[in-house]
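In the text below, chain A, chain B and the rest are named by the order of the sequence lines, each starting its count at 1. Note that these values count all heavy atoms, side chains included, but never hydrogens, waters or copies made by symmetry.
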Amino acid sequence: MRLTMDMENLVSLCRRRGFIFQSSEIYGGINGFWDYGPLGVELKKNIKDAWWQDMVRNPPPGPDGREISMVGVDCSIIMNPKVWEASGHVGGFSDPMVACKSEGCKKLFRADKVFAVDLSPAKPGDRGVMIGVEANSEAEAQMQAIDVAKKLKKKHSSDANSAVAMSLSSLVSSAAGIEAVPCPNCQQKSLTAPRAFNLMFESHAGAIQTDENKVYLRPETAQGIFANFKNVLDSTRLKLPFGIAQIGKAFRNEINPRNYTFRSREFEQMEIEFFCHPSESKQWYEFWRDLRKQWYTRLGIKSDRLRPREQGKEELAHYSVGTTDIEYLFPFSAEPQELEGVAHRGDYDLTQHAKHSGKDMHYFDEDGWNVWIQANKASLGGDKKKEAEAKEKFRCLPHVIEPSAGADRFTLAVLCEAYAEDEIGGEKRTVMRFHPRLAPIKAAILPLVNRDGMPEKAHALYRELKSEFNVFYDDKGAVGRRYRRQDEAGTPFGITIDGDTLKDNTVTLRDRDTTQQVRVPMASVAEEIRKRMRG
RNA sequence: GCGGGUGUAGCUCAAUGGUAGAGCACCUGCCUUCCAAGCAGGCUACGAGGGUUCGAUUCCCUUCACCCGCUCCA
């Protein structure tokens with residue numbers, strides 16, 4: 001209950017102060033889409049900039065102490081539809097679903113996980129029974145069917161081995177049809193035919209809609225990176241290992257929007273595909289997993305609400321060797337929710353694109369080859385065949401480590417983490433305790449009163465600072481009120497020009513979290529803000 | 001996608017089958033020398049569409065959005 005209240009207060013503040021609005025609100029809104037207002041766009045931009053700076057332009061040294069090679073791309077949202085065949089988004093894992101039509105059930109199942117198990121009578125006089133179950137395999141379905149039958153207290157075969165499990169797809173194509181399959185939940189024979197889920201948003205490239213020009217809005221930014229793997233390699237002189245990063249919008253049609261901006265149909269990803277030699281993939285996986293967790297902590301997620309969680313084997317996508325979800329315990333949920341997944345994807349993606357495009361995606365280790373051939377040239381004796389064989393050893397299909405972060409999800413986590421209520425001199429206060437680096441406004445410039453030359457001094461300082469920082473000038477009303485307004489916007493510093501400023505050119509610098517003030521010379525305000533933003 | 005709940009001003013909440021009201025916030029002025037002070041004035045609302053009715057914010061239907069649960073999902 002308490003948690004929900006916190007969330008409501010936060011949502012209210014985000015709207016009131018211009019962090020987040022519902023999309024198309026004047027028309028009643030639209031489910032699953034959100035707009036960032038003036039403060040929100042600054043916050044999110046600071047987050048994306050911090051990510052780009054810390055991951056692409058200035059990543060820390062790698063596990064071996066050497067510099068990491070990182071570059072970026074910015075790919076189109078609409079790509080050749082074959083990309084999505086290769087990735088598996090078309091046809092592959094857009095699993096058909098079946099729903100139960102009976103009143104009071106209405107459950108939804110993945111069609112490939114529904115089985116009908118025929119339990120034949122154990123002895124004459126018993127009735128055979130058909131049981132619907134949800135299971136991962138036919139064997140598992142048989143075992144489950146026995147249990148279900150027992151619970152239903154129906155006469156059934158006691159011999160599990162006599163049970164025959166049939167997949168839903170085999171029944172649908174048979175004469176019996178879907179009508180023969182009992183619902184795994186209520187056992188009524190009232191399932192709908194399997195329906196494909198609309199995983200991706202569809203559109204058409206060109207003025208006329210035909211099946212030939214159907215295109216999709218990308219459901220992830222990753223595939224643009226894989227599709228450009230050869231281009232990047234050929235245009236940059238990069239050598240393995242290296243990473244390609246991208247920030248961009250992605251769209252998913254099948255999800256059910258929920259929990260404010262957390263689950264939206266349009267969202268922004270910050271993704272890295274890090275390519276490395278298969279033999280080094282494990283250490284790079286661990287490196288990125290740890291680095292990414294530290295990044296969140298460094299940007300102010302200091303509470304124990306941040307939790308990395310290694311995915312269990314049964315959760316893993318079929319191609320993934322290992323995946324760690326970095327999760328945050330949002331106020332709206334009892335369970336931590338995923339901010340980022342760091343996945344070891346093996347060579348799955350490059351293999352898929354090599355297969356579907358017909359292009360070779362192998363990497364050739366020229367450095368290693370040059371060293372080897374120098375040392376072994378003599379022993380080869382000019383044998384071209386042997387040389388070609390040796391060369392093969394320096395070719396590999398790189399493995400991929402994918403740290404994939406949600407920009408909107410992290411923005412929401414930052415908002416949740418920052419939200420605080422406290423008391424200043426007996427007065428209640430709402431304050432957003434953003435890390436100074438992420439705060440939408442870095443400092444407020446405030447003349448204490450509007451006379452005696454204070455506005456002029458304040459405005460001059462404002463002009464100076466705004467060339468470097470997003471600062472806000474406010475001369476309206478009592479200074480205490482202005483401080484509180486900035487507290488709600490999460491502005492870390494308040495700079496006030498008072499009577500003393502006129503005499504000695506010093507100003508007061510107020511800390512948002514403690515409300516403590518120190519006097520600093522006007523000339524060193526910029527450096528002071530710079531220093532505190534790093535801290 | 002299914003079931004339940006909610007919808008009045010920027011926010012919190014009233015009232016009403018017959019001109020919708022308050023507090024806070026916001027804006028303008030005056031006054032103000034450090035944490036939402038005071039005075040005067042001002043702006044702003046019945047989610048949308050349809051029906052019943054002389055008249056609907058109120059009753060009915062549809063729809064949209066949000067919240068909770070299931071399902072799905074990054």
Side-chain angles (χ1 to χ4, degrees), chain A residues 1 4 7-9 11-13 15-18 21-33 93 95 97-110 134 185 192 195 197-199 219-222 250-260 262-265 267-271 317 323 325-327 332-333 337-341 343 402 404-410 423-431 446-452 454 476-488 494-502 507-508 510 512 515-517 519:
Chain A
M1 192 46 127
T4 311
M7 201 62 205
E8 277 173 21
N9 290 340
V11 170
S12 165
L13 180 141
R15 168 171 170 59
R16 191 174 61 220
R17 298 311 308 260
F21 305 124
Q22 200 180 6
S23 172
S24 331
E25 195 189 88
I26 60 168
Y27 292 104
I30 177 168
N31 195 357
F33 299 89
F93 50 78
D95 305 299
M97 308 289 287
V98 292
C100 179
K101 285 179 288 195
S102 72
E103 284 302 319
C105 180
K106 303 281 186 187
K107 290 266 191 275
L108 198 64
F109 307 93
R110 265 176 62 170
E134 195 175 8
N185 183 54
T192 62
R195 291 174 297 193
F197 254 49
N198 248 347
L199 196 72
E220 60 179 32
T221 55
F251 305 82
R252 296 187 80 111
N253 219 347
E254 90 286 15
I255 58 101
N256 212 264
R258 220 21 101 76
N259 291 328
Y260 204 26
F262 185 79
R263 248 176 246 186
S264 304
R265 293 204 164 114
F267 55 99
E268 197 154 21
Q269 294 184 302
M270 306 186 290
E271 289 200 302
T323 296
D325 286 343
I326 298 171
E327 300 182 323
F332 53 71
S333 156
Q337 304 287 324
E338 181 179 349
L339 292 181
E340 167 160 355
E402 178 190 78
S404 171
D408 305 277
R409 287 183 168 189
F410 183 45
E423 275 191 17
I424 302 294
E427 291 281 345
K428 267 200 160 173
R429 171 178 82 143
T430 302
V431 54
L446 315 165
L448 189 57
V449 286
N450 277 312
R451 57 170 206 228
D452 302 339
M454 289 181 210
K476 292 283 191 287
V479 74
R481 178 182 294 265
R482 284 178 269 163
Y483 286 143
R484 297 300 175 83
R485 273 198 283 250
Q486 292 304 318
D487 289 339
E488 279 201 344
I495 295 156
T496 305
I497 285 73
D498 60 11
D500 289 352
T501 311
L502 306 170
V507 296
T508 63
R510 170 188 183 265
R512 173 196 63 203
T515 74
Q516 296 298 303
Q517 290 177 295
R519 281 209 90 81

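Distance CE (A:M454) to P (B:U32): 12 Å, rounded to an integer number of Å. In this structure, A:R485 atom CZ and B:A36 atom P are separated by 12 Å, rounded to whole Å. Between A:L446 atom CG and B:U32 atom P the separation is 20 Å, expressed in whole Å. Rounded to whole Å, the distance from CG on A:N253 to C1' on B:G1 is 13 Å. To the nearest angstrom, C1' of B:C73 lies 10 Å from CD of A:Q337. Between the CD atom of A:E423 and the C1' atom of B:A36 there is a distance of 14 Å, given to the nearest Å. One interatomic measurement links the two molecules: CZ of A:R510 to P of B:C35, which rounds to 10 Å at whole-angstrom precision.
Using a 4.0 Å heavy-atom distance criterion, A:E271 is classed as making no nucleic acid contact. At a threshold of 4.0 angstrom between heavy atoms, the contacts of A:D452 include nucleobase atoms, whether or not backbone atoms are also involved. Nucleic acid contact for A:Y260: sugar-phosphate only, since backbone atoms but no base atoms lie under 4.0 Å from a heavy atom of the residue. Nucleic acid contact for A:D498: base, since at least one base atom lies under 4.0 Å from a heavy atom of the residue. Within the nucleic acid shown, A:S264 comes within 4.0 Å of at least one base atom, counting heavy atoms only.
Across the strands present, B:A45 finds no partner; the criterion is a Watson-Crick or G-U wobble pair with both atom distances under 3.5 angstrom. The pairing partner recorded for B:A22 is B:U12, the criterion being a Watson-Crick or G-U wobble arrangement whose two distances lie under 3.5 angstrom. Here B:U58 sits opposite no nucleotide as a Watson-Crick or G-U wobble pair (both hydrogen-bonding atom distances under 3.5 Å). Pairing partner, B:C66: B:G5, with both Watson-Crick or wobble hydrogen-bond distances short of 3.5 Å. Checking B:G38 for Watson-Crick or G-U wobble geometry (two distances, each under 3.5 Å) identifies B:C30 as its partner.
Between A:R482 and B:C35 there is no side-chain polar atom (N or O) within less than 4.0 angstrom of OP1 or OP2. An OP1 or OP2 oxygen of B:A65 is reached within less than 4.0 angstrom by no side-chain nitrogen or oxygen of A:Q22. Residue A:N256 places no side-chain N or O under 4.0 Å from the OP1 or OP2 atom of B:G1. For the pair A:R451 and B:U32, the criterion of a side-chain N or O lying under 4.0 Å from OP1 or OP2 is met.
Counting atom types as modelled, A:T508 pairs a side-chain N or O with a base atom of B:C34 as donor and acceptor under 3.5 Å. The base of B:A37 has none of its N or O atoms less than 3.5 Å from a complementary donor or acceptor on the side chain of A:R481.
Toward the 5' end of RNA chain B, the nearer of the two residues A:E338 and A:N31, judged by each one's closest nucleotide, is A:N31. Closest-nucleotide positions on RNA chain B for A:I497 and A:K476 were compared, and the one nearer the 5' end corresponds to A:K476.
One P atom belongs to B:G17, the other to B:G69, and the distance between them is 36 Å to the nearest Å. Of the C1' atoms belonging to B:A25 and B:U58, the separation is 28 Å, rounded to the nearest Å. Across the P atoms, B:C13 and B:U8 are found 10 Å apart, a figure rounded to whole Å. Distance noted for atom P between B:C2 and B:C11: 29 Å (whole Å). Comparing B:G5 with B:C43, their C1' atoms are spaced 34 Å from each other, to the whole Å. Rounded to a whole angstrom, the distance from the C1' atom of B:G49 to that of B:A56 is 14 Å. Nucleotides B:A14 and B:U62 have their P atoms positioned 27 Å apart, rounded to a whole Å. Across B:U16 and B:G21, the matching C1' atoms stand 11 Å from one another, rounded to whole Å.
Closest approach to the A:L448 side chain among B:C34, B:C35, B:A74 is made by B:C34 (side chain taken as heavy atoms from C-beta onward). Side chain of A:E488, nearest nucleotide from B:C68, B:C34, B:A36: B:A36. The side chain of A:A478 approaches B:A37 more closely than any other nucleotide in the set B:C68, B:A37, B:U33. In this structure, the nucleotide among B:A74, B:C68, B:C35 sitting nearest to the side chain of A:R258 is B:C68. When distances are taken from the side chain of A:V449 to each of B:U32, B:G10, B:C34, the shortest belongs to B:U32. Proximity note for A:R263 (side chain, C-beta onward) versus B:C72, B:U33, B:C66: the nearest is B:C72. When distances are taken from the side chain of A:R252 to each of B:C34, B:C73, B:U32, the shortest belongs to B:C73.
Salt bridge annotation for A:D408-A:R263: absent, with no cationic side-chain nitrogen under 4.0 angstrom from a carboxylate oxygen. Checked for salt-bridge contact, A:E423 and A:K428 miss the test: no charged N lies under 4.0 Å from a carboxylate O.
Put simply, the side chain of A:R482 never gets that close to the backbone of A:L446: no donor and acceptor are under 3.5 Å apart. Side-chain atoms of A:R15 never come within 3.5 Å of backbone atoms of A:Q22 as a donor-acceptor pair (strictly under, hydrogens ignored). Between the side chain of A:D498 and the backbone N or O of A:D500 there is at least one donor-acceptor pair closer than 3.5 Å.
With A:F262 as the aromatic partner, A:R409 meets the cation-pi criteria of under 6.0 angstrom to the ring centre and within 45 degrees of the ring axis.
Taking a centre distance below 5.5 Å and an interplanar angle below 30 degrees as the stacking criterion, A:Y27 does not stack against the six-membered base ring of B:A48.
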Fill in: CA sep, side-chain torsions, deciding dist, call: A:R265, A:R252, side chain to side chain contact (heavy atoms under 4.5 Å, CB included)
CA-CA 5 Å; A:R265 293 204 164 114; A:R252 296 187 80 111; 6.0 Å; no
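Side-chain contact between A:Q269 and A:S404 is present, with heavy atoms from C-beta onward closer than 4.5 Å.
When ring centroids are compared, A:F332 and A:Y260 stay outside the 6.0 Å threshold.
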